[in-house]
Enquirer: 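Before I ask anything, let me first share the structure, which is written out below as structure tokens.
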Amino acid sequence: MIDIKVLRENPAAIREALEKRHTAVDLDAILEVDAQRRKALYEMEQLRAEQNRTSGEIAKRKRAGEDAADLLAAMKDVSDRIKGLDDLVREVDLRLQEQILVIPNLPDATLPTGKDSAANRLERQWGTPPAFDFEPKDHVALGEALGILDFERAAKIAGARFCVSRGPAAQLERALINFMLDTHTREHGYTEILPPFLVNSDSMRGTGQLPKFVADLFKLENTDFWLIPTAEVPVTNIHRDEILDDALLPILYCAYSPCFRSEAGSYGKDTRGMIRQHQFNKVEMVKFTRPEESWDELEKLTQNAERILQKLGLAYQVVTLSTGDLGFSAAKTYDIEVWLPGQQAYREISSCSNFTDFQARRANIRFKRGKKPEFVHTLNGSGLAVGRTALAILENYQQADGSVVVPEALRPYMGGRERIEVNS
RNA sequence: GGAGGGAUAGGAUAAUUGGUAAUCCACCGGUCUUGAAAACCGGCGCCUUCGGGCUUGAGGGUUCGAGUCCCUCUCCCUCCGCCA
């Protein structure tokens, strides 16, 4: 949520930022509603002050056994007017909220300007894509040949965009989850969280999924439960409506969760394999920081995610999303893209974002270091998408005979297994 | 799912037929002190257009006025049933 005060005082700056995002919002209409609300609120508070004064007087007279009929009559009128204004304020406030909640965060000035991912800026590359002296397969061909990935049966059980992992593939995902969580907790200072995988609407609103992105989510019928699309939602909302102690900041959490996405509007994209599923595993990192620290923390967060790929020996690149490619709640996002031999391309495996105070306003997450509470900054990043990491390992570590070598860092988590072969 | 009990500030506890949230602990600042403790004084929830306004789990209602009366909902606890 953007700061209504900023909009009031400097609408031009916000207009310009939204244009860079290629998002159309009627700011004048919002300012109009805001002015209405402020006027009504001021009038109502004046009347309340009068009511409070007179009520004290009434109480005093009654205690003294005196008559207060004149004051009561006058207050009846004031009371009615307050009620009317209160209804007006509530109605106007609701309209204002509706309009403000669909305004995206303002892109940071360091972003490349552009209308989509073509304008993203390459920041750095790490590692070298493996050279094969044979034609590398993609993970679907590999997994099916090894008998460890079963998309056909998954379709029978659930439908398209699901996968059954079997034997070493299942073990691989479990190993990756533990490996990632261990790395972040032991080496990067994060506290492990195991959150609810179902959340209520308030939580979805807090991190920005609602109200605008209903179509991307799964909801349970006849309840207020939503399946989380990322652990970011429950973990960020841990501190919703709280005022945190300054000494606790920055707070670093990491969490494993399955993620559920309807993938509405992505028909025809990545239909093959594990790239885009309705359900996938992810380890997520979430930070709550003081405002002046958040940009440094974004760099560290991104490095924490990169570290996982480095340990696994997977080549990757980091890009800064352009103003047009940026997600709704983010002010700046680095995407980490891993090399996939099966596609001969770098594909997103992590997204690390600074949301500045955007989510903190929506979720009302503050901290206190002086007299007045201030909004924290929130950040999060995948550390990493587990399914995509697993398929990256399959494709990058495949051998001429169709087997897959297990990266050394992962072997302790795989019971010492060095290789995945047919019937292993 | 059924029955009962509960929710007041960080914690703990009060509030006449409804009269406008009191007190203790903890914490912060000040006085005093070499320093600290004690004692005393002041703070000790949020918003503000600095006039004030709001705050008793949430939201409505009655009333000039609601912690208190009425309705709806949420969460917690106990017991029964079910269940991993």
Side-chain angles (χ1 to χ4, degrees), chain A residues 1-11 30-98 100 194-206 210 219-226 234 237-249 251 256-258 288 357 360-376:
Chain A
M1 192 159 69
I2 62 159
D3 188 350
I4 186 72
K5 279 183 217 157
V6 173
L7 175 62
R8 216 178 276 150
E9 286 156 21
N10 193 358
I30 296 175
L31 286 168
E32 168 70 30
V33 174
D34 176 53
Q36 264 183 53
R37 176 181 168 276
R38 297 217 302 158
K39 181 165 175 286
L41 193 63
Y42 182 75
E43 277 176 39
M44 186 179 75
E45 291 196 352
Q46 294 301 309
L47 287 174
R48 276 216 217 266
E50 185 186 340
Q51 185 182 49
N52 286 342
R53 274 195 304 275
T54 311
S55 278
E57 182 64 22
I58 291 171
K60 209 187 296 174
R61 283 204 202 170
K62 290 235 168 174
R63 264 194 295 264
E66 294 169 14
D67 179 60
D70 55 330
L71 294 180
L72 288 181
M75 278 307 97
K76 173 67 181 157
D77 178 52
V78 169
S79 177
D80 287 343
R81 285 166 65 199
I82 289 176
K83 215 162 287 176
L85 283 167
D86 191 41
D87 288 342
L88 179 65
V89 167
R90 202 174 319 168
E91 186 259 321
V92 171
D93 198 46
L94 210 65
R95 259 196 297 153
L96 187 63
Q97 287 301 315
E98 273 173 15
I100 288 184
L194 184 61
F197 301 153
L198 300 180
V199 299
N200 57 35
S201 298
D202 285 341
S203 294
M204 285 294 190
R205 202 172 300 112
L210 290 180
K219 186 172 192 194
L220 299 199
E221 263 185 309
N222 304 318
T223 69
D224 188 37
F225 290 130
W226 302 79
N237 278 281
I238 284 175
H239 294 301
R240 171 153 50 84
D241 293 319
E242 290 186 14
I243 297 176
L244 302 166
D245 183 352
D246 177 59
L248 296 175
L249 300 180
I251 295 173
Y256 154 74
S257 87
F288 303 82
D357 61 1
R361 274 176 204 288
R362 294 171 82 102
N364 194 27
I365 307 170
R366 294 175 291 178
F367 76 107
K368 206 165 173 176
R369 56 180 160 188
K371 186 134 178 69
K372 282 177 78 76
E374 304 168 55
F375 288 109
V376 298

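Owing to the predicted nature of the structure, the values given are computational and were not obtained by experimental measurement. Throughout, a chain's letter reflects where its sequence line sits, starting with A, and its residues are numbered from 1.
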Enquirer: Syn or anti for B/G59, given that syn means the glycosidic angle lies within 90° of 0?
Expert: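 That one's anti.
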
Enquirer: Does some side-chain heavy atom of A/Arg369 sit less than 4.5 Å from a side-chain heavy atom of A/Leu249?
Expert: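 Of all side-chain heavy-atom pairs linking A/Arg369 with A/Leu249, none is under 4.5 Å.
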
Enquirer: Between A/Arg205 (side chain) and A/Arg362 (backbone), is there a donor-acceptor pair under 3.5 Å?
Expert: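 Such a contact is absent between A/Arg205 side chain and A/Arg362 backbone.
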
Enquirer: Give the intermediate values and the outcome of salt bridge (Lys or Arg N to Asp or Glu O under 4.0 Å) for residues A/Arg53 and A/Glu57.
Expert: CA-CA 7 Å; A/Arg53 274 195 304 275; A/Glu57 182 64 22; over 6 Å; no

Enquirer: Distance between the P atoms of B/C75 and B/G59, in whole angstroms?
Expert: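 One P to the other, the span is 16 Å.
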
Enquirer: Measure from CG on A/Leu47 to P on B/C54 and round the result to the nearest Å.
Expert: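 For the pair A/Leu47 CG and B/C54 P, the rounded distance is 11 Å.
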
Enquirer: Taking the same atom, P, in B/C41 and in B/G35, what whole-Å distance lies between them?
Expert: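 Those two atoms are separated by 22 Å.
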
Enquirer: Could you give the distance separating B/G67 and B/U16 at their C1' atoms, to the nearest angstrom?
Expert: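 About 15 Å, rounded to a whole number of Å.
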
Enquirer: Along nucleotides 58-77 of chain B, 5' to 3', which nucleotides get a B, which get an S, and which get a -, given that the test is a protein heavy-atom distance under 4.0 Å?
Expert: --S-S-BS------------

Enquirer: By nearest nucleotide on RNA chain B, pick out whichever of A/Lys368 and A/Arg8 is the more 5' one.
Expert: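 Here A/Lys368 is the residue nearer the 5' end.
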
Enquirer: Find out whether A/Phe375 and A/Asp3 are in side-chain contact, i.e. whether some heavy atom of one side chain is under 4.5 Å from a heavy atom of the other.
Expert: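 The answer is no; the side chains never approach within 4.5 Å.
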
Enquirer: Using atom C1' in both nucleotides, what's the gap between B/C64 and B/A14 to the nearest angstrom?
Expert: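 Straight-line distance between the two C1' atoms is 27 Å.
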
Enquirer: Looking at A/Arg61 and A/Asp67, would you say the former's side chain and the latter's main chain have a donor-acceptor pair under 3.5 Å?
Expert: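 Here the side-chain-to-backbone pair exists.
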
Enquirer: With rounding to the closest Å, how many angstrom separate the P atoms on B/A9 and B/G57?
Expert: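 Rounded to whole Å, the distance is 8 Å.
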
Enquirer: B/G42 P sits how many Å from A/Lys371 NZ, rounded?
Expert: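 These atoms are roughly 16 Å apart.
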
Enquirer: Mapping A/Arg48 and A/Lys5 to their closest nucleotides on RNA chain B, which lands nearer the 5' end?
Expert: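 Its nearest nucleotide being more 5', the pick is A/Lys5.
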
Enquirer: Can you tell me the distance, in whole Å, between the CZ atom of A/Arg53 and the P atom of B/G51?
Expert: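 Distance, rounded to whole Å: 14 Å.
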
Enquirer: Base, sugar-phosphate, or nothing: which does A/Arg366 touch, judged by heavy atoms less than 4.0 Å apart?
Expert: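 Sugar-phosphate, backbone atoms only, no base.
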
Enquirer: Report yes if the side chains of A/Trp226 and A/Asp224 come closer than 4.5 Å at any heavy-atom pair, otherwise no.
Expert: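 A/Trp226 reaches A/Asp224 side chain to side chain.
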
Enquirer: What is the distance from CD1 of A/Ile365 to C1' of B/C46, rounded to the nearest Å?
Expert: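 Atom-to-atom, A/Ile365 to B/C46, this comes out as 17 Å.
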
Enquirer: Which value, in whole Å, describes the distance between the C1' atoms of nucleotides B/C24 and B/C46?
Expert: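 One C1' to the other, the span is 24 Å.
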
Enquirer: Can a side-chain donor-acceptor contact be found between A/Ser203 and A/Asn200 if the only test is distance below 3.5 angstrom?
Expert: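 The criterion, which ignores hydrogens and geometry beyond distance, is satisfied for A/Ser203 and A/Asn200.
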
Enquirer: B/G65 and B/G19: how far apart are their C1' atoms, nearest whole angstrom?
Expert: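 It works out to 7 Å between them.
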
Enquirer: Do A/Gln97 and A/Met1 have side chains that approach each other closer than 4.5 Å (heavy atoms only, starting at C-beta)?
Expert: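 Touching, per the 4.5 Å side-chain cut-off.
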
Enquirer: Which part of the nucleic acid does A/Lys39 contact within heavy-atom distance under 4.0 Å: base, sugar-phosphate only, or nothing?
Expert: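 If one applies the 4.0 Å heavy-atom cut-off, A/Lys39 turns out to touch nothing in the nucleic acid.
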
Enquirer: To the nearest Å, give me how far apart CG (A/Leu41) and C1' (B/C47) are.
Expert: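 Atom-to-atom, A/Leu41 to B/C47, this comes out as 9 Å.
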
Enquirer: Rounding to the closest angstrom, what is the interatomic distance between B/U48 and B/G52 at atom C1'?
Expert: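 Nearest-Å result for B/U48 against B/G52 at atom C1': 8 Å.
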
Enquirer: Tell me: CG of A/Asn364 to C1' of B/U55, nearest whole Å?
Expert: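 Going from CG in A/Asn364 over to C1' in B/U55 covers 14 Å.
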
Enquirer: Got a donor-acceptor contact below 3.5 angstrom from the A/Ser55 side chain to the A/Gln51 backbone?
Expert: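 Flag set: sc A/Ser55 to bb A/Gln51 pair under 3.5 Å.
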
Enquirer: Can you tell me the distance, in whole Å, between the CD atom of A/Gln46 and the C1' atom of B/U48?
Expert: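 My rounded result for the distance is 11 Å.
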
Enquirer: NZ of A/Lys372 versus P of B/C47: gap in Å, rounded?
Expert: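 Those two atoms, NZ and P, are 5 Å apart.
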
Enquirer: How would RNA chain B look in dot-bracket form, 5' to 3', counting Watson-Crick and G-U wobble pairs with both distances under 3.5 Å and writing | for bases paired to another strand?
Expert: (((((((..(((......[...))).(((((.......))))).(((....)))..(((((..]....))))))))))))....

Enquirer: Please determine whether a side-chain nitrogen of the Lys or Arg among A/Glu43 and A/Lys39 lies less than 4.0 Å from a carboxylate oxygen of the Asp or Glu.
Expert: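 A/Lys39 and A/Glu43: salt-bridged.
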
Enquirer: Is the closest basic N to carboxylate O distance between A/Asp86 and A/Arg90 below 4.0 Å?
Expert: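 Salt bridge between A/Asp86 and A/Arg90, a charged N being under 4.0 Å from a carboxylate O: yes.
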
